[in-house]
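Chain identifiers are assigned alphabetically (A, B, ...) following the order of the sequence lines, protein sequences preceding nucleic acid strands; residue numbering begins at 1 within each chain. Model, not experiment: these values are computed from the prediction.
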Amino acid sequence: MKYVLDRFADEIRSAINTTGRVPPDLIELAEPKANVPADLAFPCFRAAKASNMAPAQLAQQLASAIKISRDSLIGGVEAAGPFLNFTVNRRQLAQNVLAEVGQQGQHFGGDDLGQGQKVVVEYSSPNIARRMHVGHIRSTIIGQSLNNILSFLGYETISDNHLGDYGKQFGTLLAAIEKFGRPEGEGESILAKLEEIYSRYNRLLGSINADDFDADAAGADDTARAWSLKLEQNDPTARELWQWMVQATLQANQRNYDRLAVRFDTQHGESFYADMLPSVLGQVEEAGLAEREAGGALVVKGLPDRNGKELPTFLVQRSDGATLYLTRDIATIIYREQTYHPAKIVYAVDQRQELHFRQVFALTKALGYARDIELVHVPFGTIFGPNGEALSTRKGNMVYLEALLDDAVARAKSIIEQKLSEGKTDLTPEQVAEIAEQVGVGAVIYNDLYQDPKRNITLDWERMLSFEGNSAPYLQYTHARCRSILREAGTLPATCDAQLLEAEQELAVLKQLARFPEAVRRAGGNYAPYVIADWLYTTAREFARFYRDLSVLKAATPELRAARLQLVAATAQALANGLALLGIGAPERM
RNA sequence: GCGGGCGUAGCUCAGUUGGAUAGAGCAUCCGCCUUCUAAGCGGAAUGUCGUGGGUUCGAGUCCCGCCGCCCGCGCCA
């Protein structure tokens, strides 16, 4: 899809090309630094070298050779040393941007580049019978945003919550329920109780490490093993209890998902693929990719990754015959290939799984599957406690998602109430509650999306719940200010003369709006929601300057007022679109 | 040991396939609410871009070495 800045760049390339002085493959455009009074530049170094000329000389020649028609998007061209600088035609830009936002509304910024292609996005993936904690927040928030962005780019996305509902911890859980009784309650409290009896049972086994399942339960407890076996053999009692745990977990998590605007198309847990495992193992062995060791384990050695590097040895089957999650991940890819035929499968999963995914992807491809599927692991860093210490249930410093959201919302509420008492805003109690929810939750989401996901995060409550500067509330506030002006104005004029928007502040906002589509494409291409966050923040700042200097409602003429109102409406729309891609709400007032 | 990630202002981070004077927020200091919401705006101050080489017209960005921090490397997920 071509937006106004795309056409602007096309026109420039074509104009340079028409001069016949630059080979087409050397026409590369770059965005000038902020201090340069130009919108797009052609650095002439390479082209000059090719034609044995000084760069500045070529720039000069090109500048005089290029002719600009009256209705062109190019407003001007000028040589600045070795750079050929182009400025956009302000009037054309204003008209085009306002028309694009006006016509496309909530679709402005979207694209059709993913048309006809499916993408499976796997994220969140919490464990059954456990509360969602900081470890799941990132996957959930980043994954949902990626899903939104890819969908906005025209891909048909299938969001999948790959629940941890399989594995040996369920034997222990069933044994724990048998011993301590089935917990009662509602929502997360029931999960908290399950965690409690689980770790109590683990302590019985002599394990204190209940947090990351590395307890070596071998030989420790026959009961847990027996339950594990029963579950695998579809024993009715075991199945019923397991089913109940799954349901209780889904129900509790759903509340968090609703608050975070997280939606799944499917929630197939690992157990969903259980039937496929024997076949996968058979294929691995048949293909000669793995060796059966004396103990019975099936081991893959020396498998090259996509760069030809040898991967460390890994197991696809334990010596006791059980499968591993790597095996299940392969089955999952095969299922997705056969069911959806996706162009990509995107995993929003912890950075520490990097090797795991290289192994999964390599073995899957080696088996002949997913040949046409781009398998993408989008890794993110770890969240540490305020002092940089690791968070764990064991240490008692774990941060749970629901509590975190509640904290943020409470904080937002008290700030709104303060504004109310200062007479700075006027809201009903219902509105206060609703806005506090959007603002508080938005702050938490934004804290996770405003930077490159690869970075680790050290929790800092002050910053996380900061409502100033580069934060979700600031963006929401800017949106609310726009809406406030539009409310005061009453009806929005149907048409306006966009050419009246000639002030620098207006132009800066218009340019920023025009950059949104490219920001969305870059966010999608790099699996980087922070690109959207960056764009939102810059847009809000530009709008704040406009807001400070130029009155909309008291504009000098009715025509100018109408044009500015359209600009405000477009800004509000674009901000709302960007926030939606991050999963953040845009309240009408604050 | 091998592999992955990170290193930019006191703190938290941006910095497109190499391009023009390295940018924000927070914190600090100084200003701005009779005027569309001050969750805002303006100004001041803050940098051997971890380090040493190399590539070239040009390197925070690419290549190599080194240092520091985090993580991963068969029977957990």
Side-chain angles (χ1 to χ4, degrees), chain A residues 28 30-36 41 43 45-46 48-49 54-55 80-83 85 125 127 164 166-169 212-218 270 293 295-301 309-320 322 324-326 328 350-356 358 379 381-382 384 412 415-416 418-419 422 424-426 439 450-452 454-458 460 462-463 466-471 473-474 476-478 480-482 484-489 518 522 525-526 530-531 533-534 537-538 540-541 544-545 547-554 564 568 589-590:
Chain A
E28 282 175 1
E31 239 177 78
K33 301 266 179 194
N35 56 334
V36 178
F45 303 98
R46 223 161 285 154
K49 198 171 202 176
F83 294 90
N85 285 340
S125 310
N127 294 320
Y166 193 106
K168 69 184 198 183
Q169 74 269 29
D212 47 18
F213 296 115
D214 71 355
D216 181 7
E270 290 180 69
E293 282 190 344
L298 197 54
V299 182
V300 179
K301 288 183 180 167
K309 281 189 191 167
E310 234 179 58
L311 290 163
T313 304
F314 60 96
L315 261 62
V316 289
Q317 190 176 24
R318 294 193 328 220
S319 45
D320 66 359
L324 291 120
Y325 84 126
L326 188 142
R328 299 191 283 276
D350 195 302
Q351 200 167 44
R352 286 171 290 194
Q353 309 278 330
E354 188 265 349
L355 175 59
H356 165 75
R358 265 166 56 209
T382 312
F384 295 101
I415 288 178
I416 294 168
Q418 191 188 325
K419 303 285 173 197
E422 290 168 2
K424 286 183 172 162
T425 185
D426 181 27
V439 170
Y450 83 100
Q451 67 184 47
D452 189 321
K454 281 198 293 291
R455 305 193 85 99
N456 293 334
I457 291 180
T458 300
D460 178 339
E462 204 54 40
R463 181 159 28 88
S466 160
F467 291 176
E468 288 162 20
N470 190 359
S471 67
Y474 172 55
Q476 293 170 316
Y477 177 69
T478 306
R481 281 173 138 187
C482 291
S484 172
I485 293 173
L486 297 169
R487 252 195 327 275
E488 292 284 319
E518 177 56 21
R522 210 151 68 80
N526 298 338
Y530 75 87
V531 174
D534 236 41
Y537 182 57
T538 308
R541 299 211 79 197
R545 297 195 175 104
Y547 183 93
R548 175 196 61 200
D549 296 335
L550 304 168
S551 176
V552 176
L553 299 177
K554 290 174 186 159
R564 284 184 182 161
V568 172
R589 51 181 97 213
M590 283 174 71

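Distance noted for atom P between G40(B) and G19(B): 32 Å (whole Å). Rounded to whole Å, the separation between the P atoms of U61(B) and C49(B) comes to 10 Å.
Residues forming a side chain to side chain contact (heavy atoms under 4.5 Å, CB included) with Glu293(A) (at least two apart in sequence, or on another chain): Ala297(A), Val299(A), Lys301(A). By the side chain to side chain donor-acceptor pair (under 3.5 Å) test, Arg318(A) is found to be paired with Asp320(A), residues two or more places apart in sequence or in another chain being considered. In this structure, the ring pair (Phe, Tyr, Trp, His ring centres under 6.0 Å) partners of Tyr325(A), at least two apart in sequence or on a different chain, are His356(A). Applying the ring pair (Phe, Tyr, Trp, His ring centres under 6.0 Å) rule to Tyr450(A) yields no partners; only residues at least two apart in sequence or on another chain are considered.
As judged by a 4.0 angstrom heavy-atom cut-off over every strand, Ala297(A) is placed among the base-contacting residues. As judged by a 4.0 angstrom heavy-atom cut-off over every strand, Lys309(A) is placed among residues touching the sugar-phosphate backbone only. Using a 4.0 Å heavy-atom cutoff across all strands shown, Ala41(A) reaches at least one base atom of the nucleic acid. At the heavy-atom level, Ala48(A) lies nowhere under 4.0 Å from the strands shown. Leu553(A) comes within contact range of at least one nucleobase, with a heavy-atom separation under 4.0 Å. No engagement by Arg564(A) is indicated, since no non-hydrogen atom pair under 4.0 Å with the nucleic acid exists. Among the heavy atoms of the strands, none lies under 4.0 Å from Leu486(A). Tyr474(A) comes within contact range of the sugar-phosphate backbone alone, with a heavy-atom separation under 4.0 Å but no base atom that close. Within the 4.0 angstrom heavy-atom criterion, base atoms lie near Tyr547(A). Across all strands, Asp350(A) comes closer than 4.0 Å to no nucleic acid atom at all (heavy-atom distances). Nucleic acid contact class of Lys454(A) (heavy atoms, under 4.0 Å, all strands): sugar-phosphate only.
If you measure from atom CZ of Arg589(A) to atom C1' of C36(B), you get 14 Å, rounded to the nearest angstrom. Atom CD of Glu354(A) and atom P of C70(B) are 19 Å apart (whole Å).
Stem analysis of RNA chain B (at least three stacked-register Watson-Crick or G-U pairs, each with both distances under 3.5 Å) gives B:1-7 with B:67-73, B:10-13 with B:23-26, B:28-32 with B:40-44, B:50-54 with B:62-66.
Contact check on Glu354(A) versus Arg358(A) returns a salt bridge, with a Lys/Arg side-chain nitrogen under 4.0 Å from an Asp/Glu carboxylate oxygen.
Closest to the side chain of Asp452(A), from the set G40(B), A14(B), A38(B), is A14(B). The side chain of Glu31(A) approaches U16(B) more closely than any other nucleotide in the set C75(B), G4(B), U16(B). Distances from the side chain of Asn456(A) to the nucleotides G40(B), G72(B), C70(B) place C70(B) closest. Checking G42(B), A38(B), G72(B) against every side-chain atom of Arg545(A), the shortest atom distance belongs to G42(B).
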Show, in sequence, the C-alpha distance, side-chain angles and deciding distance for Leu326(A) and Leu315(A), and conclude whether the side chain to side chain contact (heavy atoms under 4.5 Å, CB included) test is met. CA-CA 8 Å; Leu326(A) 188 142; Leu315(A) 261 62; over 6 Å; no
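Within 6.0 Å of atom CD in Glu462(A), 12 or fewer heavy atoms from other residues, nucleotides or ligands are found, so the atom counts as exposed in its surroundings.
Heavy-atom nearest nucleotides on RNA chain B were determined for Tyr166(A) and for Phe384(A), and the one closer to the 5' end corresponds to Phe384(A). Position along RNA chain B of the nearest nucleotide to Asp460(A) versus Arg522(A) favours Asp460(A) as the more 5'-ward residue.
Closest non-hydrogen pair, Tyr547(A) versus Ile485(A), comes out as CE1-CD1, 3.8 Å.
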For nucleotides 22-25 of chain B, tabulate all protein N/O to nucleotide N/O atom pairs closer than 3.5 Å, reporting atom names and distance.
| from | atom 1 | to | atom 2 | distance (Å) |
| --- | --- | --- | --- | --- |
| A24(B) | O3' | Arg541(A) | NH1 | 3.2 |
| A24(B) | O2' | Tyr537(A) | OH | 3.4 |
| G25(B) | OP1 | Arg541(A) | NH1 | 3.2 |
| G25(B) | OP1 | Arg541(A) | NH2 | 2.9 |

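Between C70(B) and Arg455(A), no contact under 4.0 Å exists linking OP1 or OP2 to a side-chain N or O.
A glycosidic torsion no more than 90° from 0 defines the syn conformation; G31(B) lies beyond that range and is anti.
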